[in-house]
Each structure stands twice: as structure tokens, then as C-alpha cells.
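Input: a single structure, listed below in C-alpha cells.
Every chain is numbered from 1 and lettered A, B, ... according to where its sequence line falls, protein lines coming before strand lines. Hydrogens, waters and symmetry mates are skipped; everything else that's a heavy atom, side chains included, is used.
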There are 2 protein chains.
Amino acid sequence: MVSGADFPARRPGFARWLSASNDITQQFLAIGGRPDFISMAGGLPAAELYPAAAIAEAAQKALARWGATALEYGPVEGFPALRQFIAERVGRQAGRSIGPENVLLTVGAMQALDLIGKVLIDPGDPIVVQFPTYVGALDAWRMRAPSYRLLDWSPDADSQALRGAQFVYTVPNYSNPTGVLVPTAARQALLERVLAAGTWLIEDDPYLPLQYSGAAGPSILELHGRMAPEGPYDGPVIYLGTLSKSIVPGLRVGWVIAPSAMIQALAIAKQSSDLSSSMLTQAIALELLESGHEEQHVPTIIRHYTERRDALCAAARSELAEWFDWEIPPGGMFVWMRRRDPAIDTDALYQYALREKVAFVPGSVFDPAGKLTSAMRVNFSRNAPSVLQEGVARLAAATRHYLRKNS
Amino acid sequence: MVSGADFPARRPGFARWLSASNDITQQFLAIGGRPDFISMAGGLPAAELYPAAAIAEAAQKALARWGATALEYGPVEGFPALRQFIAERVGRQAGRSIGPENVLLTVGAMQALDLIGKVLIDPGDPIVVQFPTYVGALDAWRMRAPSYRLLDWSPDADSQALRGAQFVYTVPNYSNPTGVLVPTAARQALLERVLAAGTWLIEDDPYLPLQYSGAAGPSILELHGRMAPEGPYDGPVIYLGTLSKSIVPGLRVGWVIAPSAMIQALAIAKQSSDLSSSMLTQAIALELLESGHEEQHVPTIIRHYTERRDALCAAARSELAEWFDWEIPPGGMFVWMRRRDPAIDTDALYQYALREKVAFVPGSVFDPAGKLTSAMRVNFSRNAPSVLQEGVARLAAATRHYLRKNS
């Protein structure tokens, strides 16, 4: 008989993509739980604003209303009443009819990225991404091994660069990580290039509710609606939304809007990923949406986040302006700080920051090539203004230590 | 300006695996919602037994106890208190210490299969599967494109057939689709071959709670524990469990037990699949488990399912015995009916069954090669005895029509 003890070394290795992966998101989620750390890393909402009482009430209502239906395996595509609600809402926003057959409900928008990778990427397939790129999208697609091209937003960009690509990926409202609001004209021009090139356009819109200075732009889905307002939706835009920023992330409810043939393909991928999402959390989400809770709650979030954004930027002005440049973001959750001092490598600075018990996200994780070391993403939604001030002070201390050792 | 209307045909195609996929699980979930159909297809629990009141109470307790923590993005690995609970429980069952670092909480056991495919399969990698094989596992791994070998349970099988395989996959308790309970000696022999070959063993155990005639076998995890009871768990068994059969599927709570290095790899894959599971449903699951609800509830399920199994088999004895053979399964959810009449092709019969408004699962979907057309899987957990009797009558009518047209 063989003993188990001497076998681990002889076991098969992991799939190849794992050696290129990083666990930085896991690290951030873990650091988030350490009280001695100030994490300005993750894209986390303010937990103290979570509407726990409203959710408890919605849970009771949902179970009373739907009974066993809320406890079943659901249809793969999602809880029918919530699909219908989301279809109507997005249709109103986009100014064209969207049917439930155009909606897939997902485990947050993150699962949508995973499913899109599964149905649209074979190894080596080219995709075009807004740069820098949301780290979660890079994570989701790493195992599908696409080849990356960087999206050119300049007015003289032509559709040639999009030809042959499986899709274009963009976060036009308060981009992650930069906080940039893409102007309407640039959105329209991109849509036209996408149509001319004959590819898909992933419009990832998690930050839509978080508008602080003026309004978000019209979604590219809406711009397409203006061009083709009639008939079943068959445009190139695959639109992603979520309740994670406007209500709570813990329900894990997001959605994809797309032509029905794409929804069907994504549903096949979802079926083989988790069979179906929790019907209970979907039924709770429906109660919160139908009762108007989200609209009531969002102004509170906006008030707090605006204050936090301003506190972060004010502290940075007095403590970090010597070394970094940034714009005040008109919405979203992040300030993108670019080095002024070319001696600063943000990957290296990150290690000094951890020693000071403060975390940000170094720019390299937003680069498909991993080489962007001139900037960092700093979150302001998670922490109270006083904590952000202390976080910036620690970041300034880390920068001073780093420059002392490296110049 | 370009119109959107004329572009769909020019859009990029789907990833290659999709052309080899089927939507049969989706079909079953959809048929399940049609009142005129009797579906004996899906592996669905009896919805009328779902403990909606207990879950409503658990939801209130969970939110009162955990507050905002239950509404967060969770740690990727799962809700810490539930990880701890599952570690202790599985450790007791397996007769060895299992730590929380050996536990990953998943969206049902289905997500575990997806994550295992992601971390262990590169295209062309050999894997060894119990035959016939759970359709969800084949679905989960299709896009990873493994090459399949079929597991040999015979006493003279040797470890050579497992060499070079990334893993072996088995459902030893009341296998899906056959309902077979693998004998303890065969489990032990397989474990020894796995250790000798130096590979992983996926032990998928969703039906453990559903024991009708005698006890389930010791898990292969437990058999390994007898060989190596000391120290951190570092065995070859990757064990999958779920609450979908013993409480409700709609919470979408399952777990993986594995050495911590494997849990960490699976967590990286989970992070890029959905960031984290719903903390709320995990917190509700913890309340139900801590309060002993599962142990109280399972005997009710067993009583009903035993009655249903017996009703199905009795009806089949009087109506189907001319054309099919089967064993009465000692547990689980399925009867595996094998044709006696070689003229019967169960793929073809399935179309006749749909016309009679009855559904089963044709054997071909449980075959990596899609060629098994000599048997069908019939579920007995979902429907009341009288409905099963009517379903069997429809199945008999479908078989008569089929044979009249095809002989």
C-alpha cells in the first residue's frame, strides 16, 4: 500500500495561465479585513451605508411573495420578473425597446466578463481594450489567452485597428482605473468605428449611479438606439450593469444586455459555470428595485462619496502634489495618480506603502503587458474623510522613504 | 454614417467550443416551468419540501448577526465562519483534521467543476472519468478541451491507465446518471491507483444526504484519512459537497475540500469568475447549519424520495419492463433505464417523449463521445408519486409510438 505523504510533488501541474496570474485582488480583499491597514486599493463601497434594514425587509417580502420559487435552481438566464424589470429600465435609459430576451442576469458584472471571454475568445484572438484596463477584465480573460490591442480614442483613429478583433472593451463612465468620463463625441465615433469594423463593443457601466460633477454621458447602447430605435435589439453593444455600487455587492446581481443570440450563447456558458444564480438574491433585488429603494438610496451614497473624493484630493494636494498629478474625477470611485517624478516606479512604491500599512493599486495590473509603473489607482469610496487623510499621510511617508532609498 | 441594421452577419464568431455544446440543461430547466409537461429530466429536488419559513427566519438572524458583513464582497475563498463550520464538519466525517485553508466555498458544486477545469485542464490534457459521466461536468470542461479516458472499476485495473492524467472524476455515492453506489473496496482500490499514478481524484458527493436503502459508502476522502490521519490535509482527493440537495438549491452554496495549495489556485480562478459568492446566502446557510436545520430536514426529504423512487419503479415494472432494465437505486435521485430491445435508440425516443409531454435525459449527454444511446436517466425526486405514474404511462406511450414507426 502506498502512503499519501510522498505524492504531492508528483501530482500534475496547474493549467498554464495560472503561472501568469496574480492574486492582487485577493490580497486587497484580505488587506481590507485588517484593522491596522488603510486600504485605498479595492473598488469597495462604503459598508456603513449598506441598507441592511431595507434588505432584511426585502428578503421577507421576497420569500412571502415567491415562496419556493425563490429557493429553486433558476432559469439559467435569470429570475424572469427581474429580467423583465431590467429590460424595461435599460430600454427606457437607452430610448429603444429592450426585451427580456436581451437580458442575462449574472453574479455581478464580473461574471459577465468571464462569460464573454468564454464565448468570444479562443487563444490568440485579438481584442481591443481601453487603456489602462480594468484589472478584473484582464483577470477574467487571462485563461482565454487573447492578444491585446490598445484602444485609440483620438479623433483621427480609424476602424482599421478594430478589424478582426473579437470585441472592443471600454468603461466610458468614470473609467476604472482612471476615473475618466469619455466625451459623447468620442463614444459616438467609437460606435461608428465598431459598426464599420463589424465587431462587438463591451460597454461596462458599473459606475453609472456615482455621478458627482455633472451627468454621466449617454451610454453607447443609447447612442446605438438613436441610430436604430426600432425592432428587436440587434446592435453591437454588449452592455454590463450591476447593483454592486448602488445597493450592495453582497447580493451579487448584475446584468448583460445584448442581442438575443448573444444572450443565448452567454447562457450556455453560464449554465456550465454555475447552473444558475441564487434566485433568492435576485428576488430580493427585484423588491428593492420595484420599491424605488435604489433611487432613494443613491443620493445618500453620492453625498458621502463626493465628500470623500474631495477630502482625498485636498489631502493629496497638500501632501502628494510634489510627486504626483491627477484630475478630480467627475464620478466613480477612483483617483488616478500619475508620477511627476520619473524616478518613481509605482510597483516598487507599493512595497513601501505596505510597510506603512496603506494600500493602493499599482498601475501595472491595469496593463495587459504589466509594464505601466508610472501611476497608481487610489480609491476614495471605502473610507471616511479622516481615514483618507491618514491614508494620504502614510502614502506621503512611503513615497519619502522610497525616494530616499532609491535616489 | 453607418446603420447598425446590416452588421450582425459580419460580427465575429463564437469561440470554438460553443459549436460542440448543447443547451439540454437549459431545455430541462425550461420544460420544468411548463405545467403541461411532466419532467423527469433534471436533477431537481421537490420544491414543495423547501423550508421557506426556516430560510426566512435564517435570513433575519443572519442580517441581525452579521449586518453589513453579510452584504459585502466576501473574501474570495468564502464567508470565514462558514468555511470554519464546513471544515469541522467534513473533518469529523473524514476522521482527520481539515482546516478552513482546505475549504473553498462555491456557487453550488457546479462552480467547483468549472474552477477545477480552469486550474487543471489545458487543451488536450487527459482526464479520466467514471462512465457514464455527470453531464454538468462534461459541460463545465468542454471549453477546456480535455481528452477523455474512461475509468475502469474492475478489480484488475491498474494504475497505468491513470498515469499522465490531470485528474480522475467520480461520483461514488449514487452516481449521476446511474444511481450506482460504488463499493468500499472499489473506492479503496481506486484511491491506491490514484496515489500510485500521482494524480488528483475529484470526488463529487452531492447525493450523500439522500440514502434510502442502507448507508452510503465511506468517502474516498475518509479512506485517505485512514491512511494519513495526521498533519495538514495534503491528499489527492478534491472533495465536492453542496447544500442543494439537503436544503435548497437557490442558496447556491457548495464547497471544495482540497490541499491548501489547490484551494489557493481555485480561489484565483474564482476571483476571475465572479469575485466572490453572495455573502448573504452564505450567512443564511451558516444559520441553517448551526441551528441543526439540515439534520432535522433531511429525514423528511428521505421519506418522500423513498416513496417516489418506489412509485416510479413500481409503475415502470408494470409499464416499461418489456423494453427496459434497471436496478432500484439505494440513494440519490435517478433510475438508469437500459434498453432490453436493441432497436431502441434513446436519443430518438426522446423526441417521441417530448410529443407525449414527458421528458427524461437521454444517455448520450453523459458520454464524452455523445454515443451512448442505449439508456436514459429518469428522475424521481421532483414529482409526486401520482405524477410519476402518469409520466411513466406517457413514456410507455412514447415507446410504443417510437417502436411502431421504427420497426
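- The pair E72(A)-R252(B) fails the salt-bridge criterion, with no side-chain N (NZ, NE, NH1 or NH2) lying under 4.0 Å from an Asp/Glu carboxylate O.
- Annotation: maximal heavy-atom pairing with chain A below 4.5 Å, among G250(B), A52(B), P45(B), occurs at G250(B).
- For I55(B), the parts lying under 4.5 angstrom from a heavy atom of chain A are both the backbone and the side chain.
- If you measure heavy-atom distances from A64(B) to chain A, you find no contacts under 4.5 Å at all.
- Annotation: maximal heavy-atom pairing with chain A below 4.5 Å, among A53(B), A15(B), P51(B), A283(B), occurs at A15(B).
- Between P12(A) and F167(B), every side-chain heavy-atom pair lies at or beyond the 4.5 Å cut-off.
- In this structure, the portion of R163(B) lying under 4.5 Å from any heavy atom of chain A is its side chain and not its backbone.
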Would R144(B) and M143(A) satisfy side-chain contact (heavy atoms from CB on, under 4.5 Å), going step by step from the backbone distance to the final call?
CA-CA 10 Å; R144(B) 306 295 301 168; M143(A) 72 189 70; 4.0 Å; yes

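- The minimum heavy-atom distance between Y73(B) and G43(A), with the atom names listed, is CE1-O, 4.1 Å.
- At a 4.5 Å heavy-atom cutoff, the contact between L71(B) and chain A is made by backbone and side-chain atoms alike.
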Checking side-chain contact (heavy atoms from CB on, under 4.5 Å) for the pair V248(B)/L280(A): CA distance, chi angles, key distance, verdict?
CA-CA 11 Å; V248(B) 292; L280(A) 179 56; over 6 Å; no

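- For the options A109(B), A59(B), A265(B), heavy-atom pairs under 4.5 Å to chain A are most numerous at A265(B).
- Using a 4.5 Å cut-off between heavy atoms, A137(B) does not touch chain A at all.
- Taking a 6.0 Å sphere around CD of E48(A), one finds it holds more than 12 heavy atoms contributed by other residues, nucleotides or ligands.
- Of the residues considered (A165(A), G164(A), P249(A)), P249(A) shows the highest number of contacts with chain B, using heavy-atom pairs under 4.5 Å.
- Of the atoms belonging to A269(A), heavy atoms from both backbone and side chain fall under 4.5 Å from chain B.
- The only option from T281(B), V107(B), L251(B) that meets the side-chain contact (heavy atoms from CB on, under 4.5 Å) definition with S278(A) turns out to be T281(B).
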Would you tabulate the side-chain donor-acceptor contacts of residues 115-127 of chain A under 3.5 Å, counting partners in other chains and residues two or more places apart, or write 'none'?
residue: K118(A); atom: NZ; partner: D114(A); partner atom: OD2; Å: 3.3
residue: K118(A); atom: NZ; partner: S273(A); partner atom: OG; Å: 2.6
residue: K118(A); atom: NZ; partner: D114(B); partner atom: OD1; Å: 2.9
residue: K118(A); atom: NZ; partner: D114(B); partner atom: OD2; Å: 3.2
residue: D122(A); atom: OD1; partner: R16(B); partner atom: N; Å: 3.4
residue: D122(A); atom: OD2; partner: R16(B); partner atom: N; Å: 2.8
residue: D125(A); atom: OD2; partner: D122(A); partner atom: N; Å: 2.8

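- Side-chain contact between R142(B) and S272(A): absent, with no pair of heavy atoms (C-beta onward) separated by less than 4.5 Å.
- Partners of K270(B) under the side chain to side chain donor-acceptor pair (under 3.5 Å) rule, at least two apart in sequence or in another chain, are Q111(B), D274(B), S277(B).
- Scanning all heavy atoms of the two residues, the minimum distance from A47(A) to A68(B) falls at O-CB, 3.6 Å.
- Contact of the M262(B) side chain with the R11(A) side chain is not registered, since no non-hydrogen atoms from C-beta on lie closer than 4.5 Å.
- Across M279(B), Q60(B), Q282(B), the residue that shares the most heavy-atom pairs under 4.5 angstrom with chain A is Q60(B).
- Taking chain B as the reference chain and counting heavy-atom pairs below 4.5 Å, the highest number among G108(A), G13(A), G231(A) is found for G13(A).
- With a 4.5 Å cut-off on side-chain heavy atoms, F14(A) and I268(B) do not count as touching.
- Interface remark: of the candidates I284(A), T199(A), L63(A), T199(A) forms the most heavy-atom pairs closer than 4.5 Å to chain B.
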